[in-house]
Novice: 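Once you've had a glance at the structure underneath, I'll fire off some questions.
No hydrogens, no waters, no symmetry mates; every other heavy atom, side chains included, goes into these values. Predicted model, so just to flag it, every value in this text is computed and none were measured.
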Amino acid sequence: MTSEQIYVGSYTLRDGGGEGIGFGTTEELQVAAATANPSFLTISADGRYLYATNELPSGRVSAFAIADSGVLEFLNHQPTGGADPCHLEIDPSGKFLLSANYSSGSIAVHPIKEDGSLGDPSQILQREGSGPNEERQEGPHAHHVTFDPSGSFAFDIDLGSDSVYVSTLSKEGRLEEVSRLQTHPGAGPRHLVFHPGGHAAYLINELDSTLIVLSHAEGKLAIAETVSTRPDGAEGDNFPAEVLVSADGRFVYGSNRGDDTIAVFETGAEGLEAELIQTISSGGTWPRHLAFSKDGLQLYAGNETSDTIAVFTVDQSSGALTATGTPLNWPKPVCVLPY
């Protein structure tokens, strides 16, 4: 087992929550910075700065400088212009931070300054629409922002309207729509990940436990296949959360909250199909986030409600997962970020 260092985002304002962002190894973590509800984290390409969502009714994003020790020095925060930001991503140029406001259904774009701090938002883009699930899709719910491997297009996922918006990001930091994918009604799309070749993508759906395989070309997505994230006969409520793809594109991994499993799919020769080949216990309950170690030999699962981070070895030939060691205890872990 490698003992690489990781940052851990968490909920601090829920019962049993922690104090902020954790840092250390899977053997021991300490608080690197106290901040409210840092539910998702990302690090600049040069490794000097870390950014966190503060998932609050008056949402904000926070910027930190990373010290040699891993301790985080707070730089500043900026409002996201919406409620409960739950995901963020740095654009490929390194000049802008994009974040998704879940409850209000908007996307915020903030310039990143030379010193790593955040400027005033260059855009707050409000999404519109709803879906057939009256409890969860009464309005837009932005859940994820990402880019294709070429960096040409931005993709933001709206769980509320069953939509994936595809845009370009201007030099002024504004998203300009080029296409839109509509999933089947009630899917509740949550997170999207691209095959490393860029010609395929995988969209995990929170509300009906499906994975959609997509073809991608020039900013346009098309549905190739839809499969379940659960084995035949699975019963009870289940809400998938994270989706990952292996570095070679041969395998896709998804977390099932409810079943409390990790689903493993094989993607086929062209990456345009998905066959469920394994489901394994996530090592806790409510696995919200998954992440690969930097070398891709291990997978981390942040189990939110059992307060555990489990570690799995990844078989490089079969894609299969094997639990290893004892899960690490950490309050409400909802993002694991190798450093």
Novice: If you measure from CZ on Phe251 to OG1 on Thr267, what distance do you get to the nearest 0.5 Å?
Specialist: 7.5 Å

Novice: Could you check if a side-chain atom of Arg288 sits within less than 4.5 angstrom of a side-chain atom of Glu242, using non-hydrogen atoms only?
Specialist: no

Novice: With a 4.5 Å limit on heavy-atom distance, are the side chains of Lys332 and Asp307 in contact?
Specialist: yes

Novice: According to salt bridge (Lys or Arg N to Asp or Glu O under 4.0 Å), who are the partners of Asp259, at least two apart in sequence or on a separate chain?
Specialist: Arg230

Novice: Is there a donor-acceptor contact under 3.5 Å linking the side chains of Asn238 and Asn256?
Specialist: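 Judged by distance alone, the side chains do pair up.
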
Novice: Using 30° and 60° as the class limits, which term best fits the ring planes of Tyr202 and His195: parallel, tilted or perpendicular?
Specialist: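 Because their plane-to-plane angle lies in the 30° to 60° range, the rings of Tyr202 and His195 count as tilted.
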
Novice: Given the side-chain rings of Phe96 and His110, with only the six-membered ring counted for Trp, is the space between their centroids under 6.0 Å?
Specialist: no

Novice: Please report the shortest heavy-atom distance between Ser152 and Asp148, naming the atom on each side.
Specialist: N-OD1, 3.1 Å

Novice: Between His184 and Asp208, do the side chains contain an N or O donor and an N or O acceptor separated by less than 3.5 Å?
Specialist: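 Short answer, yes.
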
Novice: Could you check Asn205 against Thr210 for side chain to side chain donor-acceptor pair (under 3.5 Å), going step by step and ending with a plain yes or no?
Specialist: CA-CA 5 Å; Asn205 299 305; Thr210 56; 2.9 Å; yes

Novice: How about Ser39 and Thr53: does a side-chain donor come under 3.5 Å of a side-chain acceptor?
Specialist: yes

Novice: Can you list everything that forms a ring-ring contact (aromatic ring centres under 6.0 Å, His included) with Phe74? Sequence neighbours excluded, please.
Specialist: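 Only Phe64, His77 meet the ring-ring contact (aromatic ring centres under 6.0 Å, His included) criterion with Phe74.
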
Novice: Is the shortest distance from a Lys or Arg side-chain nitrogen in Arg14 or Glu304 to a carboxylate oxygen in the other one below 4.0 Å?
Specialist: yes

Novice: Hey, is CG on Asp46 packed in by over 12 heavy atoms from elsewhere, all under 6.0 Å?
Specialist: yes

Novice: Using a side-chain heavy atom cutoff under 4.5 Å and only I, L, V, M, F, W and Y, what cluster partners does Tyr165 have?
Specialist: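 Cluster partners of Tyr165: none, it stands alone.
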
Novice: When hydrophobic residues are tied together by side-chain contacts of less than 4.5 Å, even through go-betweens, does Leu214 share a cluster with Leu211?
Specialist: no

Novice: Is a side-chain donor-acceptor pair under 3.5 Å present for Asp162 with Gln182?
Specialist: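 Short answer, no.
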
Novice: Are the side chains of Pro111 and Leu118 in contact, using a 4.5 Å heavy-atom criterion?
Specialist: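 The answer is no, as the side chains (C-beta and beyond) never meet within the 4.5 Å cut-off.
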
Novice: Using 0.5 Å steps for rounding, measure from the OG atom of Ser161 to the CD atom of Glu138.
Specialist: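 That separation rounds to 11.5 Å.
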
Novice: Do the ring planes of Tyr339 and Phe23 sit parallel (below 30°), tilted (30 to 60°) or perpendicular (above 60°)?
Specialist: perpendicular

Novice: Specify the closest pair of heavy atoms between Asp260 and Gly284, including all atoms of both residues, with the distance to one decimal.
Specialist: CB-O, 3.6 Å

Novice: Taking atom OG of Ser62 and atom CG of Asn37, what is their separation to the nearest 0.5 Å?
Specialist: 11.0 Å

Novice: Let me confirm one number: the CG-CG distance from Leu221 to Leu192, rounded to the nearest 0.5 Å.
Specialist: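 Going from CG on Leu221 over to CG on Leu192, the span is 6.5 Å.
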
Novice: Would you say the side chain of Val314 lies within less than 4.5 Å of the side chain of Leu321, judging by non-hydrogen atoms?
Specialist: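 A side-chain contact exists here, since the closest heavy-atom pair is under 4.5 Å.
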
Novice: I need the minimum non-hydrogen distance between Gly16 and Pro331, along with the two atoms involved.
Specialist: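 Taking Gly16 first and Pro331 second, the nearest heavy atoms are O-CB, 3.4 Å.
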
Novice: In plain terms, say whether Arg127 and Asp156 are close enough for a salt bridge, that is, a side-chain N and a carboxylate O under 4.0 Å apart.
Specialist: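 Yes.
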
Novice: Decide yes or no for Phe312 and Gln298: does some side-chain heavy atom of the first lie under 4.5 Å from some side-chain heavy atom of the second?
Specialist: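 No; the side chains remain at least 4.5 Å from each other.
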
Novice: Check Asp115 with Lys113, please: is the shortest side-chain N to carboxylate O separation under 4.0 Å?
Specialist: no

Novice: Would you say the side-chain atoms of Asn101 and Thr80 include a donor-acceptor pair closer than 3.5 Å?
Specialist: yes

Novice: Does Leu290 belong to the same Ile/Leu/Val/Met/Phe/Trp/Tyr cluster as Ile280, with side-chain heavy atoms less than 4.5 Å apart forming each link?
Specialist: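 Linked, Leu290 and Ile280 end up in one cluster.
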
Novice: Restricting to non-hydrogen atoms, name the atom on Ser282 and the atom on Ala310 that form the minimum distance, rounded to 0.1 Å.
Specialist: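 Closest approach of Ser282 to Ala310: O-CB, 3.4 Å.
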
Novice: For this output row, return yes or no: ring centroids of His191 and His143 closer than 6.0 angstrom.
Specialist: yes

Novice: Is it true that atom CD of Glu270 has more than 12 heavy atoms of other residues, nucleotides or ligands lying nearer than 6.0 Å?
Specialist: no

Novice: Measure the spacing between OG of Ser255 and CD of Glu206 and express it to the nearest 0.5 Å.
Specialist: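 Between atom OG of Ser255 and atom CD of Glu206 there are 9.5 Å.
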
Novice: Have Tyr49 and Glu73 got a donor and an acceptor in their side chains that come within less than 3.5 Å?
Specialist: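 No, no side-chain donor-acceptor contact under 3.5 Å.
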
Novice: How close do Pro79 and Pro121 get, heavy atom to heavy atom, and via which atoms?
Specialist: O-CG, 4.4 Å

Novice: Please round to the nearest 0.5 Å and tell me the distance separating atom CG of Asp84 and atom CG of Asn54.
Specialist: 11.0 Å

Novice: With side chains defined as the heavy atoms from C-beta onward, is the minimum distance between Val245 and Tyr253 less than 4.5 Å?
Specialist: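 In short, these two side chains do not touch, never coming nearer than 4.5 Å.
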
Novice: Flag the pair His87 / Ile157 as yes when at least one side-chain heavy-atom distance between them is below 4.5 Å, and no otherwise.
Specialist: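 Of all side-chain heavy-atom pairs linking Ile157 with His87, none is under 4.5 Å.
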
Novice: Taking all atoms of both residues into account, what is the closest heavy-atom pair of Cys86 and Ala142, and its distance?
Specialist: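 Heavy-atom minimum between the residues: SG-O, 3.8 Å.
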
Novice: Taking atom CD as the centre, does Glu19 end up with more than 12 heavy-atom neighbours from other residues, nucleotides or ligands that are less than 6.0 angstrom away?
Specialist: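 Atom CD in Glu19 is not packed in, count stays at 12 or less.
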
Novice: So if I apply the side chain to side chain contact (heavy atoms under 4.5 Å, CB included) rule between Trp330 and each of Asn303, Thr308, Leu29, Thr26, which one comes out positive?
Specialist: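 Exactly one option meets the side chain to side chain contact (heavy atoms under 4.5 Å, CB included) with Trp330, and it is Leu29.
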
Novice: Tell me whether Val336 is reachable from Val311 by hopping between hydrophobic residues (I, L, V, M, F, W, Y) whose side-chain heavy atoms are closer than 4.5 Å.
Specialist: yes

Novice: Taking the six-membered ring for Trp and the full ring for Phe, Tyr or His, determine whether the centres of His144 and Phe40 are under 6.0 Å apart.
Specialist: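 No, they do not, as the ring centres are separated by 6.0 Å or more.
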
Novice: I want to check something: taking the side chain as every heavy atom from C-beta on, are Ser306 and Trp286 in contact at a cut-off of under 4.5 Å?
Specialist: no

